[in-house]
Novice: 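Let me give you the structure first, and then I'll get to my questions.
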Amino acid sequence: MGVPLVVWRARIGTFSRNVRSVKGSSGNGPIALERLLLFVFHFTYLLVLLIIGNIELNPGPSLKSCKACGFNANSLSDYLVHLKIHEVDFNFKFICPLPTCHCSFSNYRNLNSHISGHSVSRDEPVRRVAARIKCSVCDEVFLSYPLMLKHFKTHLDQGLSYVCPLINDCSSVRNFSQKAAFSSHLSSCHGGWRQNFGNLFPINEGQESEAEQEFEQHERTASPEGSDVSDVISNDECSDDSDDSDDVVDMPGFDSEGIVSHFAKFYAMLGHLAVPARTVQKVSKRFTATSELLQQSLKHRLRQRLVKENWPEEKILNFLESIFTDDPFYNSHHEDGPGPKLTTIHLRKKYFMKNFKYVAPVGRNLKVNPKDRSAIVQYVPVPKTLEKMLEDVTIQKAIVESFVEPENPDQNVIKNYTDGIVFKKRAVPRKRLDLFIFADGFRVDNPLGSGKKKYKLLGCYLTIGNLKPHQRSRLKSKRLVLLVLEAAMMDVHNGFKKAFRKLVDDVKGLVKSGIVFMDEIIPVRLQFLIGDNLGQHTVGGFLESFSTVHYFCRFCLLTRDEYKEDQTTECPVFRQAERRTPSNYKRALRLAVKNNLESYHGIKEDSIFNEIPHFHVSDPGQPGCLGHDLFIGGVVDVDFASMIQYFISKEWFSLETLNQRVKVFPLLGSDVANGPAPVHPKGKKMGGHALQNWTFLRLFVFFLNDLILDTSDQVWELFLLLKRICELAMAPALTTRQIDEMEELINEYMSDRVILANNYKPKHHYFSHLPELYHQFGPLRALWTMGFEQYHQVFKKIAQASKNFINLPKTLAENHQISQAYQYTGDMFPSEPILPCKPVPLVPDAFGQVISDFIVASNINRNSVVVESVIVEEVLYEVDINWLILEKILEQETYCVGKIKVIVIEGDICKLVVEKHKAVLLKKYGVYRIMKDAIGLTLVSVDNLQDTGTFPSYKLKGKKCIALKNVLL
């Protein structure tokens with residue numbers, strides 16, 4: 001590895017000056033020859049010194065700091081060793097530390113393998129590069145962020161007020177005038193701020209050289225160039241003769257606290273993986289025994305070695321005690337050691353609560369008799385849950401972006417719930433926290449077993465509406481609110497209201513008092529209650545029976561008799577009924593009480609959620625669910641099954657042929673995860689879950705292919721009409737014109753479907769409300785229940801793993817909260833692109849002539865890198881694999897689609913060079929044929945795509961085609 005740089009400077013400093021003096025002289029004859037020989041002598045001597053001294057002519061690499069904790073490694077090997085402590089962190093991204101590489105990986109093994117592909121020594125010392133950090137107040141330049149921030153606080157001492165100097169990494173607009181408040185802001189909003197984030201402030205060339213000179217001056221002060229060699233060596237080696245110090249320095253990045261935290265994260269990770277608590281406790285006991293055996297073994301081996309070194313017994317005992325007293329592995333698993341303990345479930349929860357944002361569920365008895373504990377609701381306090389969520393940096397970023405997001409300039413485009421009529425009429429302040437609450441019943445055991453009713457639970461979850469739609473759809477955006485056995489709750493008088501009482505009271509308190517977010521109090525609003533139709537009617541105080549009650553709709557006052565009357569005509573036209581409002585909701589309650597009726601206009605009781613200020617279930621505050629109104633027991637589920645039976649009766653194909661084709665069809669891309677289920681022989685419903693049935697509808701044309709006998713058949717045309725309506729209803733954004741088109745198509749479908757064998761259902765009526773609901777609530781796809789219902793699987797997994805159904809809600813809630821605490825150990829929504837393969841520098845000439853010329857003309861940063869694939873926001877983009885839907889070219893007829901040719905990474909920005917093609921609608925089949933000839937290239941950022949998903953293409957009658965999931969604006 002060689003001697004230090006300062007020693008090399010001390011050895012050759014004087015010779016370099018002599019050589020420079022020789023080079024600067026001039027002369028002729030013998031004097032010039034003598035000087036030339038003297039120059040050759042000094043040059044040779046210098047070369048010998050470089051070889052003998054083993055000088056590092058190429059210093060080690062400069063490395064990035066650890067993004068999680070700011071650790072600065074002394075070598076690449078140290079950095080890799082340090083990263084092992086983050087292996088148990090949730091959602092941790094293992095980023096290549098080399099500054100010229102932009103790869104990131106989801107596990108340590110892949111990063112370690114990737115590092116081997118770099119021609120860099122792992123043991124070379126890190127090259128320290130001068131930092132160039134500028135104060136935002138006075139423009140003074142510093143070597144590091146800690147120095148700059150320390151200097152910044154001196155401005156606060158002067159009584160002046162300034163915004164956070166980390167302006168490019170800070171979303172707060174608050175002015176700080178006190179050091180204490182600013183220090184608190186750094187801790188809460190800029191965790192790991194001590195690491196070098198890169199230049200946050202532009203520095204001109206003069207300032208840059210000034211910073212470099214300051215750094216060089218710093219080096220010269222530490223080791224003068226002209227110092228004597230012996231002085232430098234003696235200073236480096238003097239530690240060999242110094243007295244032993246009692247101070248023990250931890251291995252870089254592995255202090256005792258960090259190692260205990262590592263073990264605690266491991267235990268929390270076991271809970272996240274649904275490992276039963278009793279199994280985790282067995283692991284803990286085995287760790288206790290292992291740490292004891294390991295310590296005894298090490299003590300014995302060390303004692304033997306020290307005895308051979310002739311150490312006195314007393315010194316050996318003192319040495320062993322000083323070493324093993326601070327063993328974090330042993331201490332955390334033994335009661336007699338110092339520090340926190342992880343030996344029992346109670347102690348681990350105590351540690352989680354203090355260090356991992358663990359929020360403990362609170363049991364509340366619904367029975368009057370406190371000894372009767374058969375109806376215990378497990379409630380997770382909403383204020384504490386939100387407090388922990390708002391500490392996550394990625395959630396903070398999303399919420400702040402929702403505050404500053406410009407108002408939609410085009411009032412004819414609806415792309416979020418904030419564009420809906422409901423949100424706008426509530427006059428909500430721009431800075432606020434929006435809550436979505438979901439409630440639904442689910443089973444955790446065999447639905448056909450003897451305990452199918454005994455172990456059915458009511459679960460309630462929440463999420464933050466300010467998150468981006470794709471973030472809200474993720475499981476990790478959901479939080480548990482309460483769990484209770486449904487049967488036990490129903491046995492209690494007013495059991496539902498009692499179960500939700502604490503939740504409603506807490507939300508009322510938040511709405512009245514607000515919540516602290518990034519050092520300021522912002523208002524809180526309950527925006528929507530989300531659920532399937534049965535759950536929405538229960539929560540909203542409506543009658544739950546859809547097949548028998550007179551008023552069966554929570555959106556309007558249509559009666560069952562009126563609905564049946566509209567169906568009897570030869571060409572049904574369905575009437576519009578009066579819409580429900582808070583005023584007629586309250587009027588119905590008064591009339592029910594006055595006339596001593598159990599219900600009036602389908603309302604049986606006042607919803608407990610109507611107590612919350614600025615909210616009412618008939619405002620409206622309960623959006624419909626596309627998953628249930630269309631794909632599960634809805635229009636697609638029953639009508640599409642009826643259409644398939646019709647085609648079978650017309651001898652287009654047999655049920656066996658269809659199921660066999662579905663089974664062997666080569667699904668691609670995202671369709672693989674949602675492959676259709678086989679059609680049931682009875683054929684009354686499709687039988688799959690929501691996304692399976694949606695995939696079946698989209699790809700039905702490709703399954704049949706040559707079996708489509710008559711494209712002018714009425715039922716076939718009805719199928720294409722239903723498919724088109726679904727593409728509109730599932731769109732992430734629509735114009736008002738497209739919503740009007742959806743309304744026209746739904747009215748047409750409701751009239752034409754009279755030719756089907758199955759009857760009209762109540763969900764056909766809900767189906768007719770979709771255009772209106774899109775206007776009211778915004779994109780319905782972002783509000784459907786499927787993401788929440790997927791959360792039920794978490795509890796089913798815990799129950800099946802634990803095999804413990806005694807006090808089931810408590811078992812599920814406590815295990816879930818441990819899993820949630822583990823997730824808080826990492827960022828919820830990391831935005832960095834994940835590069836599964838090694839990037840290479842961008843060289844335009846490496847591509848074909850057309851692409852090379854386009855890259856040059858696009859002025860792409862030449863310091864960018866190129867990869868074959870990338871994962872952004874959990875979506876995989878690959879070169880020459882699937883298709884992107886870019887934009888509409890003509891109304892309903894043609895789309896511009898693209899195939900990725902080059903993936904360019906500019907820091908954290910992913911750009912795609914895309915080859916554009918036209919995709920023309922084949923009206924008889926409802927799919928789009930991709931034209932063979934390209935129409936040019938374009939450069940798009942992933943963040944700017946209207947639809948961030950990728951679409952596989954399939955062959956239809958030999959032509960390459962795609963089936964849309966949704967339309968574009």
Side-chain angles (χ1 to χ4, degrees), residues 91 93 95 102-104 168-171 197-198 393-410 413-419 466-474 476-477 670 731-733 778-779 781-782 827-836 839 842 854-855 858-861 863-879 881-888 895-916 937-951 965-966 968-969:
N91 230 7
K93 296 296 180 288
I95 301 174
H102 300 272
C103 280
S104 57
N168 289 358
D169 191 61
C170 183
S171 53
F197 292 98
V393 176
T394 56
I395 291 179
Q396 290 177 356
K397 180 180 178 182
I399 293 175
V400 170
E401 287 177 355
S402 74
F403 295 166
V404 300
E405 183 179 3
E407 293 186 5
N408 189 354
D410 189 349
V413 175
I414 299 177
K415 58 182 180 180
N416 201 359
Y417 72 94
T418 53
D419 299 321
N466 304 69
L467 299 177
K468 297 177 181 178
H470 73 271
Q471 293 174 331
R472 292 201 305 268
S473 68
R474 308 297 182 194
K476 55 192 175 185
S477 71
S670 58
R781 176 179 173 180
D827 292 339
M828 288 295 167
F829 303 105
S831 58
E832 301 87 355
I834 300 176
L835 313 183
L842 174 63
F854 176 80
I855 291 175
S858 299
N859 295 321
I860 298 177
N861 189 337
N863 294 324
S864 304
V865 294
V866 176
V867 292
E868 289 294 317
S869 61
V870 64
I871 300 174
V872 181
E873 301 289 359
E874 302 183 31
V875 178
L876 174 64
Y877 298 91
E878 299 176 280
V879 173
I881 302 294
N882 293 323
W883 295 84
L884 299 173
I885 310 297
L886 300 177
E887 61 181 351
K888 270 188 175 181
Y895 277 92
C896 178
V897 301
K899 178 147 289 187
I900 301 172
K901 290 300 180 180
V902 184
I903 301 175
V904 181
I905 306 297
E906 292 184 2
D908 289 342
I909 300 175
C910 178
K911 295 183 178 181
L912 310 173
V913 177
V914 180
E915 183 181 77
K916 298 189 295 183
L937 296 170
T938 186
L939 181 68
V940 296
S941 173
V942 170
D943 296 335
N944 295 331
L945 289 172
Q946 274 199 58
D947 193 323
T948 56
T950 59
F951 294 77
K965 294 180 181 178
N966 51 260
L968 297 186
L969 295 175

Novice: Quick one: closest heavy-atom pair of Ala731 and Pro779, and the distance?
Specialist: O-CB, 4.0 Å
Novice: Please step through side-chain contact (heavy atoms from CB on, under 4.5 Å) for the pair Tyr895 and Leu886, ending with a clear verdict.
Specialist: CA-CA 7 Å; Tyr895 277 92; Leu886 300 177; over 6 Å; no
Novice: Test your reading of the model: is there a side-chain donor-acceptor pair from Thr948 to the backbone of Leu945, 3.5 Å cut-off?
Specialist: no
Novice: Kindly indicate, with the supporting measurements, whether the criterion side-chain contact (heavy atoms from CB on, under 4.5 Å) is fulfilled by Thr950 and Leu876.
Specialist: CA-CA 8 Å; Thr950 59; Leu876 174 64; over 6 Å; no
Novice: For Leu467, does its backbone N or O pair with a side-chain atom of Arg472 as donor and acceptor, under 3.5 Å?
Specialist: yes
Novice: Would a 4.5 Å heavy-atom cut-off, applied to side chains only, mark Ser477 and Met828 as touching?
Specialist: no
Novice: What distance separates Ile900 CD1 from Asn882 CG, expressed to the nearest 0.5 Å?
Specialist: 8.5 Å
Novice: Donor-acceptor pair, distance only, cut-off 3.5 Å: does the side chain of Thr394 make one with the backbone of Asp827?
Specialist: no
Novice: Restricting to side chain to side chain contact (heavy atoms under 4.5 Å, CB included), what partner residues turn up for Phe951, sequence neighbours left out?
Specialist: Ile885, Asp947, Lys965
Novice: Which pair of heavy atoms, one from Ile860 and one from Glu906, lies closest together, and at what distance?
Specialist: CG2-OE2, 3.4 Å
Novice: To check you understand the geometry: which heavy-atom pair defines the closest contact between Gly949 and Leu884, and what is its length?
Specialist: O-CD2, 3.8 Å
Novice: Could you tell me whether the side chain of Tyr877 and the main chain of Leu912 form a donor-acceptor pair under 3.5 Å?
Specialist: no
Novice: I'd like to know whether Lys468 forms a salt bridge (charged side-chain N to carboxylate O under 4.0 Å, His left out) with Glu873, so could you lay out the CA-CA distance, the side-chain angles of the two residues, the decisive distance to 0.1 Å, and finally the verdict.
Specialist: CA-CA 11 Å; Lys468 297 177 181 178; Glu873 301 289 359; 5.6 Å; no
Novice: Just verifying a value: how many Å separate Lys911 NZ and Ile855 CD1, rounded to the nearest 0.5 Å?
Specialist: 12.0 Å
Novice: Are the side chains of Cys896 and Lys916 in contact, using a 4.5 Å heavy-atom criterion?
Specialist: yes
Novice: Would Val413 and Asp419 count as a side-chain contact (heavy atoms from CB on, under 4.5 Å) here? Give the steps.
Specialist: CA-CA 8 Å; Val413 175; Asp419 299 321; 5.9 Å; no
Novice: Could you pull out the closest heavy-atom pair between Asn466 and Ser402, with the gap in Å?
Specialist: ND2-OG, 3.1 Å
Novice: Ile414 and Gly778: which non-hydrogen atoms are nearest, and at how many Å?
Specialist: CG2-CA, 3.5 Å
Novice: Any sub-3.5 Å donor-acceptor pair from Lys901's side-chain atoms to Glu915's backbone N or O?
Specialist: no
Novice: Test of understanding: with salt bridge (Lys or Arg N to Asp or Glu O under 4.0 Å), list the residues that count as partners of Lys899, not counting sequence neighbours.
Specialist: none
